[in-house]
Amino acid sequence: MLNLSSITARMAAPANGWTGFLDRPKSASQAFLVAGAAWFVIGTLYGLVSAIDLVAPELFNNIPWLVFGRSRPIHVNTVIYGFVTGLLLGSGLHYVPALLRTRLWSERLGWIGCFFWQLTVLSGPLTFSFGYSQGREYAEYLWVFDASLVISVVILLFDMLMTVASREEDTLYVSVWYFVGMLVWTCGVYPIGNVMWRPATGAVPGLLDSIFLWFYGHNLPGLVLTPLALGAAYYVLPRITNTPLYSHTLSLAGFWTLVALYSHIGGHHILQAPIPNWLKVYSVVDSMAMVIPVGIVLANLWLTARGRGGAIWRDPAGRFVMAGTLWYLITCIQGPFQSLPSVQTVTHFNNWTVGHAHIAVLGFSGFIALGALWHVLPLAAGRRLYSERLVNLQFGLIVTGLAGFFAVLTIAGLIQGSAWYNGEMVYRVLPQIGVYMALRAMLGMLIASAAILGLYNAVKTITSGEPVALSAASEEVNP
Amino acid sequence: MKMTPLLLVFGGLMVFWASVFAMVIIPAITLDRTPSEIWRPWTEKEAKGHDLYVKNGCSYCHSQFIRNFDWDLGAERIAASGDYAGQTPAILGTERTGPDLSQAGGEHPDDWHAAHFTNPRFTRPESLMPSWEFLGKENLENLTAYIQAEGGRDADFRVARQQEWKQAALAAYQSGPDANIQWLHGQIPAVWQPMPNPYPATPADLGRGKKIYQQFCIHCHGSMGDGNGAAAPYLQPPPLNFTLLRRHLVENRYIGGIFYYQIMNGITGTGMPYFKRELESEKIWDVSNYLAVMFLGYTDANLEPRGIEASYEPPWKNGYEAPAAEDVK
Ligand code: HEM
Ligand code: HEM
């Protein structure tokens, strides 16, 4: 058991000076979490705008900052970096020190990391809206803001390594591996994918750029979102079920196969482009092999939780995390399937992929991020969750919205892909997907409302949640 | 195996950089950068247009490579890696909400793009593409220049053909409405001219024709068929006023074959696109009947020469009277 009383005593002490709150334990974690809840609202509202653009292109006619080509990258980057990654980083700043029975080496560095991170996310709406963008999907941020993100990651990595060095728990728990691993890899993935050595364009000339871009485009889910989400799931689930982790060996196998395989499969995004054949073969084979790390991790998590389904379902955060692991399963059955060249003849270039992207980023990593938010925020703030019912309502809204997304986008994609394959022109197929685009926008409103409820609940929790007695707050049941 | 901080960081780095080496560095060293036979450098204007394309997110709706099983715009050339030489960034795209643009150069003349960029629904009534009017005239010209360069030397060939026919079409247009129509019809192979519409102009047929007209033609040729659609101010020559055709029937009888031919092939050099990729035979005949009945008040549907009726055809008799030669003059 971790003894947090000395830390919480400091927390209760009056802040010294105006910067006092910067030193308050777990304050950087809370900053990431609240910002993440806010980005969820902003990011999804931009998603809603993009969705409306695809239903009624005249509605925002000639409003430059709402035009599809600009609102879409704001949506995608804000939900990925601001919402999902933000929440998962925030929860990690809490759970890594907690699991190492220490405190964050420097809370101030945590804040600085948070500041640079949020600056990058904020640059999305502020630059893309006005037509300043590097334009490469997922790598749109301008060079200065790329730099700001990398600075943030380097600072957080340093803070984490120092935290690890000053730990009081000898064993590194699997969540720590994933969290530190993500920071280590991001220092490589991000500059390479964003071609940061060419600041003006952020791209290399010619077709080669697509190889760089999709190396990044798949490592963003693979080495950023997935490790963070798995780290959080490995933390939250055993704590809720109060059971020890099923297997250390499986943890190791899952971790190393993830980084070994995931980093090879970017080519499956450009399978039909004129890239070298060996690269295609490599990425398809390794995409199939992805069932190994996914299967191992899910087996480990689910076996850890076996027999405790009731406890998980009753816990609002546990429900989110468990649902996230289910979406992970679905995503990673669909993923290898759609990596097959014969399948891609129909599924590539259309809404099928957009469906996959939503169950992956929102379903898998987003659900786990929300679970982590609702589990960690009360611990970090030392207050009880403001409202469990709001969390459950949020869960219901997002599950309905996302399941609906998956259905309508997959149907729309199959209509487009099959029609094209039979020689139908893109323009002719537009009216046929109209109804699905409309349904997507309507379902999106459920998700947007859920995001707003979540922000309200998070803010209320840290401002007026019932303070938790020290003993309860500090009770760290480490898995 | 025990996970130590050292193993975590250095092991993680090693596995990661091994992948970088295999998946990024080897391709970077070995990828053939030789330009393909259609490649040519961009002009300054085209490069500016490309920049706008990148910054405004055209790539989220348009892809930039043709696969060997594609049928749509550009399907005549399967993408090759040398097509992208030097382009920075060459954004291939992952979504085809709109058609692939890698071979869009010369598909339409510049005036079509002026109308289309101002509001895509002017030329494509059901388009989902946003209006780009807010970018301003100069930017739209740059974008157009870039689009016209898509496809390199192949595009140059097509653009030159557009320009050549633009000259001819403009000259014809300036010589007056009737001379213009005579010129237009003069380009149509003789076998197509005395050809009636083989589809009976039943109410159902006209209903289908109307739907096609609204989906494809209405904002150019106008809801009255007088050529005054919203796109008209941007197009030179402007869309044809169909009502004039009443006095240009072939042998004072036929118009179906002319309609079919023009709709199928389009009129290169003018805003009038070809529709042979989008509309199969019956749809072209249906919309031809609709044009004829609505805007000429006459159709040659089912007139002689005519073969054996198709099995589904209802008993339908053409009751339309050809305009008397004197009252059309
Ligand atoms: C087993 C694992 C997975 C495999 C084999 C896989 C495979 C694929 C493939 C082949 C595509 C491209 C589809 C196309 O363009 O035709 C794709 C797209 C995508 N995947 Fe996955 N996927 C996996 C897991 C995930 C996970 C876990 C995430 C997120 C956390 C994710 C996020 C995405 C996103 C965002 C896209 C859309 C990319 C775009 O903009 O085109 N995937 N995936
Ligand atoms: C109000 C709810 C939402 C709506 C209406 C919405 C709508 C959209 C739209 C219209 C697109 C562009 C699709 C296209 O290019 O055709 C998109 C893309 C995307 N959205 Fe959302 N979205 C919502 C919520 C979310 C959330 C919460 C996440 C993640 C946590 C997310 C992740 C993504 C991703 C990763 C893409 C890129 C897909 C791709 O390139 O294949 N969205 N979304």
Side-chain angles (χ1 to χ4, degrees), chain A residues 53-54 57-58 61-62 64 67-70 72-73 131-133 135-137 161 164 172 177 180-181 184-185 188 192 201 203-212 215 252 256 259-260 263-264 266-267 269-270 272-276 279 345 349-350 353 420-421 423 425-428 430-431, chain B residues 1 3-5 8-9 11-13 15-17 19-20 22-24 27-28 30-31 33 54-61 63 65 67 69-73 79-81 84-92 94-99 120-121 124 126-131 133-134 215 277-278:
Chain A
D53 277 329
L54 292 180
E58 297 272 308
N61 207 24
N62 275 321
V67 72
F68 183 85
R70 297 180 181 183
R72 183 195 194 275
Y132 298 98
S133 159
R136 294 156 83 242
E137 198 175 0
L161 291 178
V164 170
L172 301 184
W177 315 344
V180 174
V184 168
W185 298 321
I192 296 175
T201 53
V204 293
L207 187 71
L208 180 62
D209 189 60
S210 61
I211 294 171
F212 277 77
F215 173 76
L252 278 171
W256 291 113
V259 48
S263 45
H264 286 117
H269 292 267
I270 39 175
Q272 300 167 340
I275 58 166
L279 210 57
T345 52
F349 275 147
N350 54 51
T353 312
W420 301 342
Y421 194 64
M425 302 298 109
V426 169
Y427 178 72
R428 278 225 66 123
L430 294 179
Chain B
M1 183 165 98
M3 189 69 112
T4 62
L8 173 59
V9 173
L13 279 174
V15 179
F16 172 74
W17 282 98
S19 315
V20 173
M23 305 315 285
V24 180
T30 58
L31 196 75
R33 289 175 173 75
V54 171
K55 289 182 167 155
N56 288 290
C58 309
S59 61
Y60 304 117
C61 288
S63 61
F65 64 98
R67 313 167 291 180
F69 53 90
D70 277 331
W71 303 74
D72 206 323
L73 181 56
S81 76
Y84 306 89
Q87 298 182 6
T88 329
I91 302 184
L92 299 183
T94 55
E95 202 75 30
R96 276 192 190 162
T97 304
R121 274 137 315 272
R124 288 294 222 174
E126 292 194 298
S127 179
L128 291 181
M129 173 154 143
S131 308
E133 195 181 3
F134 67 84
Q215 287 178 323
R277 281 183 151 151
E278 282 161 305

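Quick caveat: nothing in here was measured; it's all calculated off a predicted structure. Letters go in sequence order (proteins before strands), and every chain restarts at 1.
- Surrounding CZ of B/Phe69 are more than 12 heavy atoms belonging to other residues, nucleotides or ligands, all under 6.0 Å away.
- Using a 4.5 Å cut-off between heavy atoms, B/Leu128 contacts chain A through both its backbone and its side chain.
- Contacts between B/Ser59 and chain A at a heavy-atom distance below 4.5 Å involve the side chain alone, from C-beta outward.
- With hydrogens and angles disregarded, no donor-acceptor distance shorter than 3.5 Å links the side chain of B/Trp71 to the backbone of A/Met425.
- The candidate from A/Ile192, A/Val164, A/Ile275 with the greatest count of non-hydrogen atom pairs under 4.5 Å with chain B is A/Ile192.
- With chain B as the partner, the residue from A/Gly267, A/Gly181, A/Pro73, A/Ser210 showing the most heavy-atom pairs under 4.5 Å is A/Pro73.
- Looking only at distances, a side-chain donor or acceptor of A/Trp185 sits under 3.5 Å from a matching main-chain atom of B/Gly12.
- For the pair B/Tyr84 (side chain) and A/Leu208 (backbone), a donor-acceptor distance under 3.5 Å is absent.
- Interface residue A/Asn62: backbone and side-chain heavy atoms are both found under 4.5 Å from chain B.
- Between chain B and the residues A/Val67, A/Leu279, A/Val184, the largest count of heavy-atom pairs under 4.5 Å involves A/Val67.
- Scanning for salt bridge (charged side-chain N to carboxylate O under 4.0 Å, His left out) contacts around A/Arg428 gives an empty result, with sequence neighbours left out.
- For the pair A/Trp256 and B/Met3, the minimum side-chain heavy-atom distance is below 4.5 Å.
- For a residue to count as touching a neighbouring chain, one of its non-hydrogen atoms must lie under 4.5 Å from one of that chain's; by this rule B/Ala28 touches chain A with backbone and side chain alike.
- Residue B/Phe65 holds its CZ atom at 8.0 Å from CD1 of A/Ile270, rounded to the nearest 0.5 Å.
- At a 4.5 Å heavy-atom cutoff, the contact between B/Thr97 and chain A is made by backbone and side-chain atoms alike.
- Listed options B/Thr94, B/Val15, B/Val54 were ranked by heavy-atom pairs under 4.5 angstrom with chain A; first place goes to B/Thr94.
- No donor-acceptor contact under 3.5 angstrom links the side chains of A/Asn350 and B/Arg96, judged on distance only.
- Interface remark: B/Arg33 contributes side-chain atoms only to the contact with chain A (heavy atom separation under 4.5 Å).
- Contact of A/Phe68 with chain B is made through backbone and side chain together, with heavy-atom distances under 4.5 Å.
- For the options A/Ala260, A/Gly188, A/Pro64, heavy-atom pairs under 4.5 Å to chain B are most numerous at A/Pro64.
- A side-chain donor-acceptor contact under 3.5 Å links B/Asp72 to the backbone of A/Val426.
- Chain A forms the most heavy-atom pairs under 4.5 Å with one residue out of B/Ser63, B/Pro130, B/Ser131, and that residue is B/Ser131.
- Residues B/Leu31 and A/Pro276 have side chains in contact (heavy-atom distance under 4.5 Å, counting atoms from C-beta outward).
- The contact between A/Leu54 and chain B is made by backbone and side chain atoms together, counting heavy-atom distances below 4.5 Å.
- Annotation: side chain of B/Pro5 is in contact with side chain of A/Leu172 (closest heavy-atom distance under 4.5 Å).
- Using a 4.5 Å cut-off between heavy atoms, A/Thr353 does not touch chain B at all.
- Atom CD of A/Glu137 sits about 11.0 Å away from atom CG of B/Leu92, to the nearest 0.5 Å.
- The distance from atom CZ of A/Arg136 to atom CD1 of B/Ile91, rounded to the nearest 0.5 Å, is 8.0 Å.
- Of the listed residues B/Arg124, B/Gln215, B/Glu133, B/Met129, the one with more heavy-atom pairs under 4.5 angstrom with chain A than any other is B/Arg124.
- Highest contact tally toward chain A, considering only B/Arg121, B/Arg277, B/Gln87, is held by B/Arg121 [criterion: heavy-atom pairs under 4.5 Å].
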